[in-house]
Chemist: 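Once you've had a glance at the structure underneath, I'll fire off some questions.
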Amino acid sequence: IHLLARYREEILAGAEAREAVVRTIMTAGRPVLLTSVMLTLGTIVLVRSEFVAVRDFSLLFAVTLVAALACDLLLTTVILLYLGRRVFKA
């Protein structure tokens with residue numbers, strides 16, 4: 001959501017798609033990355049639990065968070081570059 005909102009701001013300000021994506025990643029990418037890393041690290045702490053269900057869930061959740069981060073930064077970027085200004089009618 002943060003990446004799309006920032007991209008929309010850039011497009012509405014008149015930036016070309018490639019420039020808007022670069023600015024979006026440079027400004028909103030870092031908070032998205034740091035949030036995901038902190039959540040993943042916080043979840044990994046639970047891997048040391050003796051309760052098997054908590055341990056398994058924490059590992060699964062950590063992997064899911066890393067996959068979501070990869071999709072946020074990579075897949076979303078590619079889609080925005082491909083669709084360009086068509087994502088938001090300006």
Chemist: Just wondering, do Ser36 and Leu65 contact through their side chains at under 4.5 Å, heavy atoms?
Modeler: no
Chemist: Counting heavy atoms not belonging to Ile1, are there more than 12 under 6.0 Å from its CD1?
Modeler: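 It does not: Ile1 CD1 has 12 such atoms or fewer within range.
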Chemist: What is the minimum heavy-atom distance between Ala62 and Thr43, and which atoms define it?
Modeler: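 So the minimum-distance heavy-atom pair works out to N-CG2, 4.0 Å.
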Chemist: Give the other cluster members for Leu46, using side-chain heavy-atom distances under 4.5 Å between Ile, Leu, Val, Met, Phe, Trp and Tyr residues; answer none if it is isolated.
Modeler: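 Listed partners: Phe51, Val54.
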Chemist: With side-chain contact (heavy atoms from CB on, under 4.5 Å) as the test, pick out the partner of Leu3 among Val21, Ile25, Thr77, Leu80.
Modeler: Ile25
Chemist: Hey, are the side chains of Asp56 and Leu60 touching, using non-hydrogen atoms and a 4.5 Å cut-off?
Modeler: no
Chemist: Under a 3.5 Å distance rule, please check whether Thr24 uses its side chain to pair with a backbone N or O of Gly29 as donor and acceptor.
Modeler: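 Here the side-chain-to-backbone pair does not exist.
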Chemist: Rounded at 0.5 Å granularity, tell me how far OH in Tyr7 sits from CD1 in Ile79.
Modeler: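 Here the interatomic distance stands at 11.5 Å.
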Chemist: For Arg55, does the CZ atom sit with more than 12 other heavy atoms under 6.0 Å from it, leaving out its own atoms?
Modeler: yes
Chemist: Quick one: CG on Leu69 to OG1 on Thr35, what's the gap to the nearest 0.5 Å?
Modeler: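 OG1 of Thr35 is found 10.0 Å from CG of Leu69.
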Chemist: How about CD on Glu16, more than 12 heavy atoms from neighbouring residues, nucleotides or ligands closer than 6.0 Å, or not?
Modeler: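 Atom CD in Glu16 is not crowded, with 12 or fewer foreign heavy atoms closer than 6.0 Å.
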Chemist: Which atoms form the tightest heavy-atom contact between Ile11 and Ala20, and what is the distance?
Modeler: CD1-CB, 3.9 Å
